[in-house]
Amino acid sequence: MAPLRSPLPAEFYRRPTLEVARDLLGTELVRETPEGVTAGILVEVEAYLGPEDRAAHSWGGRRTARTEAMFGPAGHAYVFQTYGLHFCFNVVTADEGVPQAVLVRALEPTRGLELMARRRQLRLERALPAAVSPDAFPPRVLTGGPARLCQALAITREHYGHDLTRPPLYLCRGRSPVPDEAVAAGPRVGVHYAGEWKEKPWRFWIRGNPHVSR
DNA sequence: GCCTTGATGACG
DNA sequence: GTCATCAAGGCA
């Protein structure tokens, strides 16, 4: 099946990771399944710059079955599981052999909101009555958080290493580029253990966007 | 021990 | 609404 829209080329990802992270804001992540299409605009990301970055899974050049994808070519997916429960979705960046990636922390939902809600319904039952009118989902409940967006888009370990220039999971240009004034930067979330690296302002988000995770 | 989330309870 | 605390449970 041809993709619905033209995916970003591999060259987009094969650049310095901080540039890719910033430029990923405003792009659209599309997930196609037999049940339907779900998609959202990236509004919050974090860069992980192994092997130097203490906060990166590839810190110190750590190369295991889990981190292998980070060493692979740019534009492929790095999916990992945390706390035994949740998946997180990353885009591999930079040159092959340089284990760097960008974690996607939040999306602004654009397509398939009801399907997303269905996939998240187990935990959403309390929120759903307020959301009976489909456009009235409260911000963040569908895709505001790295594990939430994976559940909403049905991204799992089966996408580990997937080539993100091809269906059924790919990125394409969004509605419009995000100007520098709209981009905010700050420390990354959940990396308190990372010493001096935890202060690096390598989390980027669209200022004021209600879907940003926190 | 972890790049998380949802539930619960305190507080205002 | 906020904030703090806790438990869920796979894998290195």
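Lettering follows sequence order; numbering is per chain, from 1. This is a predicted model, so every value here is computed, not measured.
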- Answer yes or no: does a side-chain N or O of A:Arg140 lie under 4.0 Å from OP1 or OP2 of B:dT5? no
- Quickly work out the A:Tyr78 OH to B:dC2 C1' distance and round it to whole Å. 11 Å
- What nucleic acid atoms does A:Ala56 come within less than 4.0 Å of, heavy atoms only: base, sugar-phosphate, or nothing? base
- At under 4.0 Å between heavy atoms, what does A:Arg148 touch on the DNA or RNA strands: base, sugar-phosphate, or nothing? sugar-phosphate
- Query: Just how far, in rounded Å, is C1' of B:dC3 from CG of A:Leu149?
  - Reply: 12 Å
- Item | ring pair (Phe, Tyr, Trp, His ring centres under 6.0 Å) partners for A:Tyr160, two or more places apart | none
- Just how far, in rounded Å, is C1' of B:dG6 from CZ of A:Arg120? 9 Å
- Query: If pairs are Watson-Crick or G-U with both distances under 3.5 Å, what is the dot-bracket string of DNA chain C, marking crossing pairs with [ ] and pairs to another strand with |?
  - Reply: ||||||||.||.
- Message: Which residues in residues 17-31 of chain A have a heavy atom closer than 4.0 Å to any atom of DNA chain C?
- Response: none
- Across all chains, not counting sequence neighbours, the side-chain contact (heavy atoms from CB on, under 4.5 Å) partners of A:Glu11 are A:Pro9, A:Arg14
- Query: Using a side-chain heavy atom cutoff under 4.5 Å and only I, L, V, M, F, W and Y, what cluster partners does A:Val189 have?
  - Reply: none
- Task: Please state how far atom NE2 in A:His57 lies from atom C1' in B:dG1, giving the value in whole angstrom units.
- Result: 11 Å
- Query: Is there any side chain to side chain donor-acceptor pair (under 3.5 Å) pair reaching into residues 67-76 of chain A, and which pairs are they, with sequence neighbours excluded?
  - Reply: A:Arg63-A:Glu68
- Query: Apart from A:Leu4 itself, what residues make up its hydrophobic cluster, given side-chain heavy atom links below 4.5 Å?
  - Reply: A:Val30, A:Val37, A:Tyr170
- Message: Tell me whether the ring of A:Tyr193 lies stacked over the B:dC2 base, given a 5.5 Å limit on centroids and a 30° limit on the plane angle.
- Response: no
- side chain to side chain donor-acceptor pair (under 3.5 Å): which pairs involve residues 196-208 of chain A, sequence neighbours left out? A:Glu44-A:Arg203
Show the distances under 3.5 angstrom between N or O atoms of the protein and N or O atoms of nucleotides 8-12 of chain C.
unit_1	atom_1	unit_2	atom_2	d
C:dG9	N3	A:Tyr83	O	3.4
C:dA12	O3'	A:Arg62	NH2	2.5

- Not counting sequence neighbours, which residues clear side-chain contact (heavy atoms from CB on, under 4.5 Å) with A:Glu96? List them please. A:Pro73
- Mind checking side-chain hydrogen bond (donor to acceptor under 3.5 Å, both in side chains) for A:Thr82 and listing every partner two or more places apart, or none if nothing turns up? none
- Query: Under 3.5 Å, is there a donor-acceptor pair linking the side chains of A:Thr143 and A:Arg148?
  - Reply: no
- May I ask you to check whether A:Gln151 and A:Arg120 show a side-chain donor-acceptor distance below 3.5 Å? yes
- Query: To the nearest angstrom, how far is A:Tyr48 atom OH from B:dC2 atom P?
  - Reply: 13 Å
- Give one of base, sugar-phosphate or nothing for A:Ala55, where a contact means two heavy atoms less than 4.0 Å apart. base
- Rounded to the nearest angstrom, tell me the gap between atom CZ in A:Phe87 and atom C1' in B:dC2. 15 Å
- Query: Atom CG of A:Asn90 to atom P of B:dT4: distance rounded to whole Å?
  - Reply: 11 Å
- Message: Once side chain to side chain donor-acceptor pair (under 3.5 Å) is applied, what residue pairs with a partner in residues 179-191 of chain A remain, sequence neighbours excluded?
- Response: A:Arg22-A:Asp180, A:Asp53-A:Arg188
